[in-house]
Structure formats: C-alpha cells, structure tokens
Amino acid sequence: MTPTQYIAQHISVSEKQIQNTLELLQNDCTIPFIARYRKDATGNLDEVVIEQIAQAFKAYEAIVKRKEAIVKAIESQGLLTPELNQKIVNCFEVNELEDLYLPYKKKKKTKADTARENGLEPLAKIMMAQNADNIEVIASRYLNANVPNEDDALQGARDIVAEWINENLYIRKQLRRMFQRKANITAKVVKTALEKEEAQKFKQYFDWSENLSKAASHRLLAMLRAETEGFIKLKIGVETEEALDFIKQNIIKAKNATTPHLVLAIEDSYKRLLSPAIANEVLQECKDKADTQSIQVFANNLGQLLLEPPLGEKRILALDPGFKSGCKVVCLDEKGDLLHNENIYPHAPQNDVSGAIKKIRSMVNAYKIDAISIGNGTAARETEFFIKKIPFEKPIQVFMVNESGASVYSASKIARDEFPNYDVTVRGAVSIGRRLSDPLAELVKIDPKAIGVGQYQHDVNQTQLKESLDAVVVRCVNKVGVNINTASKYLLQYVSGIGEKVAENIVHYRTENGAFTNRKELNKVTGLGKKAFQQAAAFIRIPQSEHPLDNSSVHPEAYAIVEKMAKDLKIKLPELIGNAEKIKQINLENYITPEIGLLGLQDIVKELQKPGLDPRKSAKIFEFDPSVKTIKDLKTGMVLPGIVNNITNFGCFVDIGIKESGLVHISQLKAGFVSDVNEVVKLHQHVDVKVTEVDEDRKRIQLTMVL
C-alpha cells in the first residue's frame with residue numbers, strides 16, 4: 001500500500017490532492033504556505049486537512065518502520081516464512097500487526113515456556129487435536145523429574161494450549177471487536193478516598209458504570225485521573241460468559257475426555273491473558289480518542305483566543321489588581337513599550353482612594369493614555385468600579401482583560417529578557433496591557449497550556465497536545481500576518497519558513513540597519529535563504545514599503561501578474577489597489593499561469609479589494625452587572641451579562657464578574673438538541689445568562705442561555 005492509498009483510507013479527499021500535498025510537504029513547504037498559495041495544486045485544502053495529511057503520513061511511516069523491525073526480529077529467530085512475511089507486508093492495522101508478532105515477541109518466561117521445557121508440548125498438541133478418549137493415560141507417558149504426576153502434566157499442557165489460544169489471530173480480532181462494542185467501564189471508590197476532601201470532585205464516579213465506547217471524553221479522562229490519584233479503581237470488561245462461549249465455539253470441535261481440559265485452558269487463557277491485554281488495548285484506544293477530542297477543544301479555544309479583537313496601537317494604562325499588595329500600574333506607549341510603573345492602594349486594608357485617584361489621573365494625563373486595561377483576577381471588579389468613578393479630562397475606554405497565564409509569562413525567561421530590570425509584578429501588568437492592544441503578539445510568548453482554555457490538558461498525550469497547539473499558533477499568526485518592523489522575535493518565529501534562529505537574525509538586522517523598506521530586503525537577513533523567502537515573504541507586512549503590495553498578502557511571485565493587470569487596465573499599480581470598479585473589469589482567465597491558477601487569482605483579487613485587512617474585529621467594551629460582586633449576591637432567576645471564558649465538550653463556562661465562573665451545560669445553550677458547543681458559542685463571546693442554581697459551599701454556579 002502506498003502512502004497516498006493509506007492516507008486516502010483515513011481522510012476523505014482524492015488521491016491526487018493527497019499526492020500533490022505530500023510533494024509540497026516533502027519539498028519543505030510549510031502548511032500555511034501550501035494552504036494559502038498552492039490552492040490550485042491541493043484543490044483548495046485548508047490548513048486543518050493539510051495537517052491531517054501530514055499526520056497521517058507520519059503514522060504511515062511509523063507503521064512501515066514498525067513492520068521492518070518486526071520482520072527483522074522474526075528473521076533473526078529463523079522463523080520468518082514467506083507466508084508470514086506477506087501477512088506483515090499487507091497489514092496496516094497496528095493491533096493486528098502486533099498480533100502477528102505476538103508468538104515471536106521476546107517476553108518474560110511464561111508458564112507455557114516452563115511446560116515446553118518439561119517436554120509437554122506434544123501432550124498439548126494431542127489435547128488440541130481433540131481425538132483422545134484416554135488423555136489421562138496419555139499424560140502418564142510425559143512424567144519426569146519436573147512432572148511427577150498426571151495432574152501436573154495436564155496442567156502444563158493446558159498452560160501451552162492457553163498460550164496458543166491467546167495467540168490465535170482470529171480470536172484476538174473478534175474479541176477486540178466485542179470489547180470495542182460492548183465493554184463497560186466500571187468505577188468503584190477506594191475506601192480511604194471517602195475521607196479525603198480532594199476526592200469529592202470525583203464523587204459521581206465512586207459507583208459508576210457505562211459503556212466504554214460511549215463514555216464522553218471528559219468523563220473518561222476524569223475517571224482515569226481519579227484512578228491515578230488513588231481515589232477509585234477501574235475495571236474494563238464484557239460479559240464473561242459471552243466471551244467464553246465465543247472462544248469455545250472456535251476451539252472445541254468434539255466432545256470427549258479432552259473437552260474439560262480445553263474448557264479449563266480457555267477459561268485460564270481468557271482470564272489471565274486475553275481479557276487483561278484486550279481490555280488495556282481498548283481502554284488505550286478510547287483514551288487516545290478522548291485525548292484527540294480534548295486536544296481539539298483546547299485547540300479551538302486557543303485559536304479563538306489568539307484571534308481576539310485587538311485594540312490596536314494605543315497608549316494603555318494597565319492594572320494588575322490586588323487588595324493587600326495593592327494594584328500594580330504600568331503605562332505603555334503605542335508600541336507596547338514600558339513608560340512608567342508604580343503601585344496604588346485603593347482597596348482594603350489601606351483604602352487610599354483619594355491618593356490612588358490622584359495618581360491615576362496624573363498618569364493618564366502625563367502619558368496621554370487612550371485606554372485602560374484591567375486584569376480579571378483578584379480584586380478585578382473592585383478595581384473596575386474604582387476606575388470608572390474617576391472623572392477624567394477626556395473619554396477613556398476601560399477594558400477587562402483575561403489575565404490567565406500572565407503570572408507564567410512574568411516569571412519566564414522571555415519576560416526576564418524583555419524586562420531584566422523589573423520584577424514579576426511589573427512584567428505581569430505589562431502583559432495585561434499588551435493583551436489589550438494585540439492579544440496574538442502577547443499570547444505567543446506563553447506556553448498555551450498555561451492560558452487555561454482547555455480541559456484535562458495535563459492528562460492527555462503531551463506530544464500530541466504540543467504539536468496541535470503549536471500548529472494553531474502558527475495558523476493564527478500567519479492568518480493575521482506580521483509587521484516585520486514592530487514584531488518581536490517571539491512572534492516572528494511562528495511566521496511560515498522563519499523559525500527561532502532566523503527570527504533573532506531579523507531583529508538583529510532591524511537593530512543594525514533600521515526598518516525594512518521592502519520585502520526584497522529580507523534576502524539580506526543571515527540564514528534567510530531562497531526557500532525561506534518563498535515561504536515567509538507573503539506573511540510579512542511592511543506598511544511603509546516602497547512597493548504597494550508589500551503590505552498585502554499578495555505573494556511576491558504574483559507581483560508581475562498584478563502589474564500586468566494594472567497595465568492592461570491602463571492604470572498604475574497603486575491606482576488598482578482598493579479600486580473596486582477597476583478590479584471588477586479583470587478577467588482572471590487571462591492571467592492563469594502554470595504556477596498560479598484560478599483559485600490563486602481569486603485570492604489575489606480579494607486581497608486587492610482590501611489589502612492588508614486584519615481578519616480580527618475591533619475590541620469591544622463589556623460591562624458586568626454592577627450589583628453582583630461575589631457569589632453571595634447571586635439569586636436564582638437573575639439574568640446577567642457574561643463572557644464565555646472556556647469551552648468544553650459538555651458546555652461552556654461564563655465569567656459573570658465574580659471569582660467563580662458559571663457552567664452552562666450543553667443542554668442549556670439553546671432550545672433543542674446541541675451536538676457541538678462551538679456551534680452555539682465562541683470563546684470571549686458576550687452572552688446573557690440566567691442563574692438556575694447556586695452552591696456556595698462548593699463554589700458552583702449553574703447557568704442557562706435558554707431565557
């Protein structure tokens with residue numbers, strides 16, 4: 001089976017699309033570049049499908065590598081037959097491949113190995129032949145120093161038969177299917193957990209059972225975590241009698257003196273070998289699926305967060321609120337550079353309201369502040385109320401900003417490199433301010449796992465999680481584009497074709513030579529070769545460039561086509577950009593080339609209409625209900641404004657302006673059935689919710705959007 005054929009079995013696109021995509025990937029083209037500038041080759045595949053093709057190809061290579069290792073291992077034992085080799089060559093199912101290898105796999109000494117050493121394999125073969133009416137008499141012929149009596153001989157023979165049954169390909173395959181369809185996962189509490197407070201969040205699983213294949217990803221991950229922490233014991237299994245009956249039907253061919261021994265061997269094989277192994281396999285399969293679903297939820301949330309509306313280049317005063325330690329205040333210029341920092345103490349125990357008002361007014365005036373950004377952590381609402389009472393000399397917009405991960409950033413090497421002379425409180429406040437002006441540019445500096453928009457992110461496959469989240473960051477950065485003259489090296493490293501080292505070189509070049517004046521100048525950056533330029537150039541923006549297309553997503557390889565369009569329309573290139581009337585007159589069929597087809601040309605025309613347009617919307621001010629400050633202020637039936645701050649498979653969490661977020665279960669998102677939470681809400685969406693239940697002791701709030 002070729003890679004293309006294998007991938008086509010897993011992804012619903014044509015083999016031609018797969019083949020062309022693989023060729024581009026193997027030619028060191030990045031996924032953002034392929035998705036945006038090679039649409040005609042891929043048949044308009046988006047980044048998600050291209051990523052799936054790349055992952056499927058990695059899976060194909062891993063299977064091929066595993067098959068080679070298995071063939072080599074069996075060959076070294078002198079046991080590789082042409083028939084077995086062909087079976088391995090034709091197999092592309094991981095579990096079935098391991099089944100083929102199982103009889104030859106090196107393992108700890110088994111009961112069957114001991115029985116063979118004691119000369120009992122011929123007796124086991126007689127037992128399996130099922131044509132002996134005097135098996136006990138036959139067993140007496142195999143007695144020796146290690147096998148003193150007939151019972152020991154028969155037991156040894158049964159151990160060998162049990163292993164043969166365990167290695168039977170058909171039985172393993174059919175049992176696996178039975179477990180995949182019918183296995184239950186059962187949870188029972190560990191008695192010592194009943195006394196532990198931290199175990200109570202898993203209380204619903206203290207006595208729980210459900211079909212494993214139907215267990216929602218968040219429930220399965222919760223149960224596995226509870227087991228890891230020692231609060232519950234899990235068991236995976238099907239109806240024992242059904243499984244044993246199936247094995248008996250396939251093993252027992254006659255009824256005679258050997259039958260009772262075969263039944264014992266079957267029961268032993270199932271209980272000791274088959275059931276534990278297949279239960280673990282199927283549980284791992286379900287865990288892998290749960291990981292994938294959980295990671296997808298995290299990736300969706302992260303993508304929405306990174307593409308949050310930016311306020312833009314404004315002068316910002318940012319506050320990291322606090323009570324006893326006060327509020328850290330920083331003032332930033334349009335580029336996000338730190339101008340000033342100090343502390344104010346408007347809240348208890350100091351209650352220096354007048355002094356804090358005086359300082360804030362002074363800073364707003366002195367640094368010509370346009371907007372105020374407040375972190376949404378401890379004392380956030382109190383700080384917001386305080387700020388909104390201040391009579392400024394001009395209108396000042398006030399925003400509440402999600403500060404998740406700001407403390408992680410403030411203690412990171414990146415923050416220390418950016419602000420070596422300031423402590424973590426200043427760095428954290430700067431991050432809160434920069435998140436308002438450009439969330440994407442700031443959030444790329446933080447490990448996505450620390451941003452707090454996932455579910456069970458520490459329980460899923462960490463390699464898969466990192467790859468998925470990195471892909472989301474790359475996708476978002478390249479969707480927006482990057483101003484090469486203002487972007488940090490941390491943002492630049494995610495641009496298609498650049499990477500960490502070249503990003504450092506770009507910043508160094510910028511420092512030594514001043515701002516880039518055009519895209520061609522990228523070729524002067526150390527380490528940025530011809531291939532990297534091809535992959536990166538169109539995602540770079542240069543607003544004051546000498547060339548009018550350098551601040552657009554039009555690729556330099558298409559500049560000549562656009563110049564010809566302008567020439568054919570008898571106007572200069574700058575006059576074509578944004579000129580809807582002239583753009584309508586372009587006949588795309590006249591400009592198709594071997595490299596750029598109709599899909600590519602359609603993108604070019606769309607970009608000419610609104611060059612360099614940021615796909616993100618503008619930041620909007622949001623106000624919580626001023627009467628709700630703590631969970632004690634909540635009453636059932638209240639309708640409140642809120643902001644969606646996390647999305648899971650089972651619903652979404654909504655910030656209603658207090659420390660605790662409320663849960664809107666998936667069944668309460670709207671009237672009627674909802675299969676996907678993301679169909680109804682997006683991260684940081686402004687919503688109205690009704691309070692349906694408040695549990696002050698457990699700090700839990702139930703909400704509904706069905707008003």
Side-chain angles (χ1 to χ4, degrees), residues 305-321 327-342 344 357 359-376 380 383-384 386-406 409-410 415 418-419 422 426-446 476-477 480-488 490-492 515 541-544 551 610 612-623 643 684 686:
L305 188 64
L306 292 174
L307 294 177
E308 270 286 286
L311 185 64
E313 294 187 355
K314 304 285 185 182
R315 290 190 160 230
I316 293 172
L317 182 148
L319 296 105
D320 187 356
C327 301
K328 173 59 70 176
V329 186
V330 297
C331 297
L332 309 175
D333 68 12
E334 295 88 347
K335 304 297 181 186
D337 292 332
L338 178 62
L339 302 172
H340 177 75
N341 83 89
E342 64 178 282
I344 59 171
I357 289 174
K359 284 185 177 181
I360 293 291
R361 280 173 56 88
S362 173
M363 284 184 275
V364 165
N365 293 332
Y367 298 103
K368 299 177 182 177
I369 297 299
D370 300 304
I372 293 176
S373 174
I374 302 171
N376 69 341
T383 303
E384 181 189 28
F386 158 71
I387 290 293
K388 287 185 175 179
K389 288 178 183 175
I390 300 175
F392 295 112
E393 294 177 9
K394 64 175 184 177
I396 300 290
Q397 293 181 300
V398 180
F399 296 85
M400 191 79 79
V401 175
N402 189 326
E403 64 175 42
S404 293
Y409 160 77
S410 64
E418 285 193 288
F419 301 102
Y422 295 94
V426 175
R427 299 172 196 153
V430 169
S431 181
I432 289 168
R434 287 176 170 178
R435 287 187 192 198
L436 176 59
S437 60
D438 192 342
L440 178 60
E442 191 62 19
L443 289 172
V444 295
K445 301 173 186 174
I446 303 170
C476 292
V477 169
V480 172
V482 171
N483 183 335
I484 197 169
N485 288 323
T486 59
S488 69
Y490 311 107
L491 184 60
L492 284 167
R541 304 284 183 269
I542 307 179
Q544 286 77 44
N551 193 38
K610 294 181 178 179
L613 180 69
D614 193 322
R616 300 170 292 179
K617 297 176 182 177
S618 300
K620 291 181 181 178
I621 293 177
F622 176 87
E623 293 187 1
I643 301 175
H684 287 191
H686 297 175

Item to complete: Under the side-chain contact (heavy atoms from CB on, under 4.5 Å) rule, collect the residues that match up with D614, sequence neighbours excluded.
Response: P310, V480, R616
Response to the item:
side-chain hydrogen bond (donor to acceptor under 3.5 Å, both in side chains) with Y409: of K445, E403, E418, only one passes, and it is E418
Fill in: Contacts of E308 that satisfy salt bridge (charged side-chain N to carboxylate O under 4.0 Å, His left out) - sequence neighbours left out
none
Worksheet item: Does K394 reach the side chain of D370, with side-chain heavy atoms less than 4.5 Å apart?
Response: yes
Item to complete: State, to 0.1 Å, how close I446 and G405 come at their nearest heavy-atom pair, and which atoms those are.
Response: CD1-O, 3.7 Å
Worksheet item: Which value, rounded to the nearest 0.5 Å, describes the distance between I390 atom CD1 and K359 atom NZ?
Response: 12.5 Å
Discussion item. Tell me if the OH atom of Y422 is crowded by more than 12 foreign heavy atoms within 6.0 Å.
Written reply: no
Worksheet item: So which of D320, I360, N341 actually passes side chain to side chain contact (heavy atoms under 4.5 Å, CB included) with V329?
Response: I360
Worksheet entry | Point-to-point distance, once rounded to the nearest 0.5 Å, from CD1 of I344 to NZ of K328 | 10.5 Å
Discussion item. The criterion is side-chain contact (heavy atoms from CB on, under 4.5 Å); which residues satisfy it with K335, sequence neighbours excluded?
Written reply: E313, D333, D337, T486
Discussion item. According to ring pair (Phe, Tyr, Trp, His ring centres under 6.0 Å), who are the partners of F399, at least two apart in sequence or on a separate chain?
Written reply: none
Worksheet item: Side chains of M363 and I369: does their closest heavy-atom pair fall under 4.5 Å?
Response: no
Worksheet item: Which pair of heavy atoms, one from P309 and one from P439, lies closest together, and at what distance?
Response: O-CG, 3.9 Å
Discussion item. Testing the basics here: between A441 and L491, what is the closest heavy-atom pair and its distance to 0.1 Å?
Written reply: CB-CD2, 3.9 Å
Discussion item. Rounded to the nearest 0.5 Å, what separates atom OG in S437 from atom CD1 in I316?
Written reply: 4.5 Å
Worksheet item: Can you find a pair of side-chain heavy atoms, one from L339 and one from L332, that are under 4.5 Å apart?
Response: no
Practice prompt. Output yes when R315 and E334 qualify as a salt bridge under the 4.0 Å nitrogen-oxygen rule, no when they do not.
Written response: yes
Worksheet item: Does R427 offer a backbone N or O that forms a donor-acceptor pair with the side chain of S410 under 3.5 Å?
Response: no
Fill in: Nearest non-hydrogen partners of A487 and V482, listed with the distance
CB-CG1, 3.2 Å
Worksheet item: Rounded to the nearest 0.5 Å, how far does CG of L443 lie from CG of D438?
Response: 9.0 Å
Discussion item. Test of understanding: with side-chain contact (heavy atoms from CB on, under 4.5 Å), list the residues that count as partners of K388, not counting sequence neighbours.
Written reply: E384, V398, E623
Item to complete: Not counting sequence neighbours, which residues clear ring pair (Phe, Tyr, Trp, His ring centres under 6.0 Å) with F419? List them please.
Response: none
Fill in: Interatomic spacing from CZ in F392 to CD1 in I372 - rounded to 0.5 Å
4.0 Å
Discussion item. Checking the side chain of R435 only, and the main-chain atoms of N402 only, is there a donor and an acceptor separated by less than 3.5 Å?
Written reply: yes
Item to complete: Quick one: closest heavy-atom pair of G375 and P321, and the distance?
Response: O-CG, 3.3 Å
Worksheet item: In a check of side chain to side chain contact (heavy atoms under 4.5 Å, CB included) between I374 and each of V401, I432, I387, L317, which one passes?
Response: I387
Discussion item. Evaluate I643 against H686 for side-chain contact (heavy atoms from CB on, under 4.5 Å), listing each step before the verdict.
Written reply: CA-CA 5 Å; I643 301 175; H686 297 175; 4.0 Å; yes
